[in-house]
Structures are given as C-alpha cells and as structure tokens.
Number of protein chains: 2
Amino acid sequence: MEHEKIGITEVAQHAGVSVATVSRVLNRKAGVSQKTRQLVERAMEEVGYERGAASGGIVGVITPGLSIPIFGVMAERIGLALAPHGLRAVVCPALPGGVQERDFLKSLLDLGASGIVFCSASNTLENFDPEVLQLLEHRPVPYVCINGRFEDSSSVAFSTDDAYAAELSVRHLHGLGHRRIAMAAGPVGNRPTDRRVAGYRAAMTALGLGEDEQLVVHQTYSVEGGQFAAEQLLAQGVTGVIAASDQMALGAIRAIRRQGLSVPEDISVIGYDDGPLMEFTDPPLTTVRQPVDRLAAEVARALVGLLSGHQVPVGELMFQPEVVVRGTTAPYHPRRPPA
Amino acid sequence: MEHEKIGITEVAQHAGVSVATVSRVLNRKAGVSQKTRQLVERAMEEVGYERGAASGGIVGVITPGLSIPIFGVMAERIGLALAPHGLRAVVCPALPGGVQERDFLKSLLDLGASGIVFCSASNTLENFDPEVLQLLEHRPVPYVCINGRFEDSSSVAFSTDDAYAAELSVRHLHGLGHRRIAMAAGPVGNRPTDRRVAGYRAAMTALGLGEDEQLVVHQTYSVEGGQFAAEQLLAQGVTGVIAASDQMALGAIRAIRRQGLSVPEDISVIGYDDGPLMEFTDPPLTTVRQPVDRLAAEVARALVGLLSGHQVPVGELMFQPEVVVRGTTAPYHPRRPPA
DNA sequence: CTACACGACGAAAAATTTTCGAAAACTGTT
DNA sequence: AACAGTTTTCGAAAATTTTTCGTCGTGTAG
C-alpha cells in the first residue's frame, strides 16, 4: 500500500513552494503569479492530487435570466452535455434588480466551481462590469463564453453567426419581394445586436436596398420592445421586419395588428432564436434558429477539454444559424391603403 | 477592541461540546443528534459566529428541467425575491439522463448551501428517491417545497390548489355548455396530477356529468404527450379537453386539427400553467394560471424565515389559481359530422 | 443477561487556511 | 543608472478546521 495520502503538503514539496501557495492556488485566491500557479498545477497533476472532488465538480452557467425560454433551453442542454463527465451544471440567472453577475461569479469562485459558462451574459456587452474580468484574471478558472467573448482576454467562445443570421433574414425577405426591410434590433452596446445590425446593413447594401439609418430601431429584447420598435418602423412604410428575438417578433406582430394590418399578408416578420413553442404562435413564427444543440455540445466539449488541462484554441467559433420558414413571412404585395 | 475572533473553538466552548461536533454541524455532516445540533446552533447565535459568509448564502432551486418555461419563470422569481436578502439562487435542473436530483442535493449540501427549494421536483412524486429524504434527514438544511411536500416529513410547502384548478376548468367548460369533458392528465404517481384528477372527478360528479374512467388519459407533460392523449380522447367524442400543462394543450390542439376539427369551434381546450407567450398561440390559449408570483414570494419569505431561525408552520399552503379565458374555449355546439 | 451493532461524541492528529512580514518586482524620478 | 515609493508574490508559522479513531451509551436480538 503505497498510498501515502497525497495532500497539499506533498504537492508543495514536489512543486518546491510552500503549502500556503498551494492552498492559494487550490482556492483560486488572488496573489499568486501566473508562473507559480502553473508550476503548482503541474505539480498537482504529477503527484496526482485530486482537487474539487469534494465539490463534485460543479459548473456555473451564468445567463441573463430564465424567463426567456431560449436561455433555459441552452442551460439545460449544457447541463445535459456536461453530466456524463461528472459535472453538475448549476444555472445562475443574473438579473437587473436581482443578483449581479459578479456576485454569482464570486460565489462560484468561493464555492470552488470547476468551470464557468457565460451564456449571453456580460461577455456579450460592450460595457461589461470590469470587475468580472478582473475576477477572472485574478482568480483564474476555466471558462467558456457563448455569443461573444471578453475582449482583451484570451477567452474561448462559441457563438451564433449573427451577421450571417441577419443576412439570411434580409435575403429571405428580399427573395419574397420585400424592399423596405427594417430591423427591430436589441439594445445598443450588445455585441450580437451590433453584429446583426452590421450584417443587416451589409446585406441591404449588397442587394441595393439603400442604407436608411432610420430602418434600425434599438429596443429591449422583450415583447414590449418589439412592439414599440415596430410602431416606429410602420410609420416608415416598411413591409418586412427583422426582429432581434422571438419575443420582439411577437411584439411586432401585435403592433402591426393594432394598426389594422395583418401578418404576413401586409407585413412580414421574422424572429430570432427559435425558442420552444414558436411553431404554435399565430401565425407560426418564421425565425432564425440558433443552433442551440451544437453550441451546447461544443461548449461542453471545450470546457471538459479545459478542465483536463488541454489547450483549447482561443478565439470565437461561429455557428451557422438557419431560417425556419413558417407563417409570418409571405411574398410582398402592395399594401392596401388603410381603410 | 474586544474582537477576540470568534471561531469554532469559542462556539464549542460555549456550547459545551467539542470543536469536532461544531465542525460537523457547520458542514451538515451526518452523525450529530438533533439535540446537539440545536444546542450548537443556539450557541453559534449567542456567540455571534458568522457561518456561510464565505459561501455568500446560496440557495439551490431544484427544478425538473428548464425547457418548460414556467419552471424558468418560477426559478427566476424566487431568485429575485431572495436577492434582497443577500441570498443567491442557483438553479439546478434535474433531468432524466442528466444530473440526478440527489446528486444536486449532495453537491448543494457539500457546498454549504443555506437553503433548498424543491420546485416541482421529487417532492411532487409518489415514488421519490428515498435517498433525497434520507439526505435531508441526516444533514438537515432549511428547505421549502413547491407543489407538494415530502410525506412523512415536517416540510413546508406552497402549492397551487390543483384540485380547485381542475374544478375551475370543468366549471368553465360546463358553463359553456360542454358535457363530455375529458382530461389529458400528467403521469401517474405525480401528486399535482393526482389532485387534479380527483378535483376533476369530483367536479364532474357534482355537475352530474358522470364518472367515465376513460375520460382521463395519463401522459407526459409534453406537447407530444398532449397530442397522444387527445387522440385517445377524440375517439370518445369529447368536446372539451382539460390539459395538464400548456404544452399538452398545444399538443392536443395539434391532434384535434389533424383530425380536421378546429379549436375552439369543434373542441374546446384549456391548458394549465399560463407560461409566458401563451397569449400568442393560435388561438390564444385559455388556461389556468398558476400564481407564480405569489408562490415565489411566499417561498422566499418562508425560506428567509427558516434561515433566521423562525419557526415556520409546517404543512402545505394552497394558492388559488385562476382561469385566464382566451381563445381556445367556446360555447358547445354539436359537432358537424366528419365530411 | 450477553453480545453485538450503531449512532453520537470527544481528544488528538492531520490538513488546510490565514496572517504577517520580508523579499522581489515594478514605477516613475532624479 | 541609482533610488525611493509601491505593489506583488510567497514562505514560515500560527490559527483554524476537518478527519480519524476510539470510547461510551443504548437498543436489540439471541
């Protein structure tokens, strides 16, 4: 029985550092240089120290809430993909007015989480909480981003190709004969939104449909946001609306109907996400599907790779979305004048 | 400066036990009698020992997945209600094929979670994993249940009054002139389902609509489950279907349409939950709304109470649901014979 | 009435975390 | 370069917590 109990002490000895330092590395405490940390981590592997066995390997999935179904689905899939590896995904819904993202991150770090997934969290924001990144730098933990990576950092990200999604939407509507195509975009400073706006603009230009600044209205991703945006856009005589989320699309449809027009006869609407139940809306929503399954699978694979010490290429991998044509888009025909 | 550093040692001394015991209580380890535990807990308060400050006070919310929107909403609301108290709700989606509920519970316990919320988890099942209850008994942690309590245990629960919900549904359809009213119920052995079936039967009997066993079909809560159940029921000439979830209701509508009938003209359908977006379905779904907000608020209040040592009355509090009449129910009129 | 199995504890050992202070590494200046 | 003023990084030792191991009642079946 050579099992001489490998503890923090043995690791320290092997790494040629003090137990204090190993303890700090173990708990992801600040105050350890990159070099030393790696030294200790290598030593831990070499001596065969089992870390985190106590915490059972939990992974925090940070999302912007859960009332938008697509995030719930995404989190669930990630959890499912991680489970076979013995990892337990806990979902942390960061909401304005609720728990802040940085607080969740702190808790997860203190809890000894094995990894983090930023699912459309602050990693998608231009003005993200600097403390989040700081925490990540001071107390390194393997993490993966979805839909945008932290700038200035060597993070791994998997995203839906938003520019392409917008292009697909424009093309779809253009193919149906629409020419005044508008975008009910998400909030400014949101990376996916920015990319979609860029993709939209590029596609419009490429198709010779002009570059009317007014045709992009920024709003929140909610039903109400979509409704408001659509109201603005209808005043400009658009016949096709590209919404930044399924919720916004439904809001847009509501706004259109309130004006006595119908979807898709008078105005075509295309959503984004393809959350559950979108085939049951009235009419069934034409939308751009985020490849949730593939995204979740890749995120899980990358995280598992990171955890087993593999080097995962940093950068942002783009996943191709696809248009799911249902009933809210139809060939353009001249609008009848309002009665 | 009298801050003599109050540690586990001081607590042990004050409680008249060993530090080992205090440590065990602190980590919710098994092997401490109820009496001793309380003794230690009282001592901790008296000396002012601050526990869990490290973990920041996290609360695990265990749900059966997140792809059913209502659970996401419920979890989100609970998190929102808990946040002002400095508690961070992490959502644990337990799924068949994924992480088991008991594993989440174990992790949560090891992590030093301050409390647990069983949101329509195994607490709603007749044959729940005995290990869960065992864990809860051996390593006590404050917890609250939603939609059913653990039997044989002194748990606190807040539930939607399912029997009443079924009664409301029957009454609504009866009031519209329907007489052959069926139920597309959830899986057997599921407490909410059992209650709804009982409520349905009672209401049917009270209204003199007979007690046809065949009129209740058990299925999963999914769209497909609803579709399948509706197919069975349509063969029996029912004109009103009470579904056990919004998803099932949508599945039922699909089945009805596949038979060339329409909703609500030929058949009325009423759902359950009133998840987000149900007003956008085709037709907008008439459904029974679970009082999610009030439920979440009470759960939070109870948990905070338990955490601050208050005695919260055990038992199950029933919250009244309400019918949200939209477009899938209409007055009965004789079905036209199939073409 | 004896064994025997068990759960609950304490004492002491082992392990881990935190504290405190001293090098070492930067930084912007003469 | 040389130099103060800082900030980081880390080790030794102290403090604290966790675990191990063995004892003591208790209940129970033989």
Side-chain angles (χ1 to χ4, degrees), chain A residues 1-44 47-56 106-107 109-113 134-141, chain B residues 1-44 47-56 106-107 109-113 131 133-141:
Chain A
M1 297 295 129
E2 275 301 316
H3 287 294
E4 266 294 325
K5 228 21 140 3
I6 33 92
I8 200 183
T9 314
E10 283 65 35
V11 177
Q13 195 167 8
H14 189 89
V17 299
S18 69
V19 293
T21 303
V22 178
S23 170
R24 279 186 281 250
V25 170
L26 230 34
N27 298 299
R28 306 188 198 291
K29 290 287 175 64
V32 183
S33 69
Q34 196 64 22
K35 210 179 53 179
T36 310
R37 188 184 307 278
Q38 291 179 350
L39 183 70
V40 173
E41 269 162 1
R42 182 156 32 258
M44 286 197 296
V47 206
Y49 181 86
E50 291 183 52
R51 81 144 97 187
S55 76
K106 262 188 236 167
S107 287
L109 250 15
D110 289 340
L111 256 30
Q134 196 178 323
L135 235 25
L136 247 20
E137 274 168 6
H138 276 300
R139 307 172 59 180
V141 62
Chain B
M1 298 299 126
E2 276 300 318
H3 287 294
E4 268 294 325
K5 229 19 136 9
I6 32 94
I8 200 183
T9 314
E10 283 66 34
V11 177
Q13 194 168 11
H14 189 90
V17 299
S18 69
V19 292
T21 302
V22 178
S23 172
R24 280 187 277 252
V25 171
L26 229 34
N27 298 300
R28 306 190 198 289
K29 289 287 176 63
V32 182
S33 69
Q34 197 62 23
K35 209 177 57 179
T36 311
R37 188 184 307 278
Q38 291 180 348
L39 183 69
V40 173
E41 270 163 359
R42 184 157 29 260
M44 287 197 295
V47 233
Y49 181 85
E50 290 183 52
R51 81 144 96 187
S55 77
K106 262 188 234 166
S107 288
L109 250 15
D110 289 340
L111 255 31
E131 200 179 332
L133 199 48
Q134 196 178 325
L135 235 27
L136 248 19
E137 274 167 6
H138 276 300
R139 306 174 58 179
V141 61

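Naming: A, B, ... by sequence-line order, numbering from 1 per chain.
The side chain of B:S23 places no N or O atom within less than 4.0 Å of a non-bridging phosphate oxygen (OP1 or OP2) of D:dT16. Considering only side-chain N and O atoms, B:N27 lies nowhere under 4.0 angstrom from the phosphate OP1 or OP2 of D:dT17. The phosphate of D:dC10 has neither OP1 nor OP2 within less than 4.0 Å of any side-chain N or O from A:T21. OP1 or OP2 of C:dC9 sits under 4.0 Å from a side-chain N or O of B:T36. In this model, the phosphate group of D:dT17 is approached by a side-chain N or O of B:Y49 to a distance below 4.0 Å at OP1 or OP2. Contact annotation: B:K35 side-chain N/O to C:dA8 OP1/OP2 distance is not under 4.0 Å.
Between C:dG10, C:dC9, D:dC10, one nucleotide has an atom nearer to the side chain of B:V32 than all others, and that is C:dC9. Picking from D:dT18, C:dG10, C:dT18 the nucleotide with the shortest atom distance to the side chain of B:S18 gives C:dG10.
The nearest whole Å value for the distance from the CD1 atom in A:I8 to the C1' atom in D:dT18 is 13 Å. One interatomic measurement links the two molecules: CZ of A:R37 to C1' of D:dT9, which rounds to 11 Å at whole-angstrom precision. One atom, NZ of B:K29, and another, C1' of D:dT20, lie 12 Å apart when rounded to the nearest Å. Taking atom CG of A:L26 as the reference point, atom P of D:dT18 lies 15 Å away to the nearest angstrom. Atom P of nucleotide D:dT8 and atom NE2 of A:H138 are separated by 7 Å, given to the nearest angstrom. For B:Q38 and C:dA8, the CD to P distance is 14 Å, given to the nearest whole Å.
Contact detail for A:L39 and A:V17: the closest heavy-atom pair is CD2-CG1, 4.1 Å. For the residue pair B:R37 and B:K29, the shortest heavy atom distance occurs at NH2-O, 4.0 Å. Across all non-hydrogen atoms, the minimal contact from A:V19 to A:T9 is CG1-CA, 3.8 Å. The two residues B:V22 and B:V11 come nearest to each other via the heavy atoms CG1-CG1, 4.0 Å.
Residues B:T9 and A:V17 each lie close to DNA chain D; by heavy-atom proximity, the contact nearer the 5' end of the strand is made by A:V17.
When atom types are taken as modelled, the side chain of B:R139 and the backbone of B:R28 share a donor-acceptor pair closer than 3.5 angstrom.
Contacts of A:V22 with the nucleic acid, taken as non-hydrogen atoms under 4.0 Å apart, are absent.
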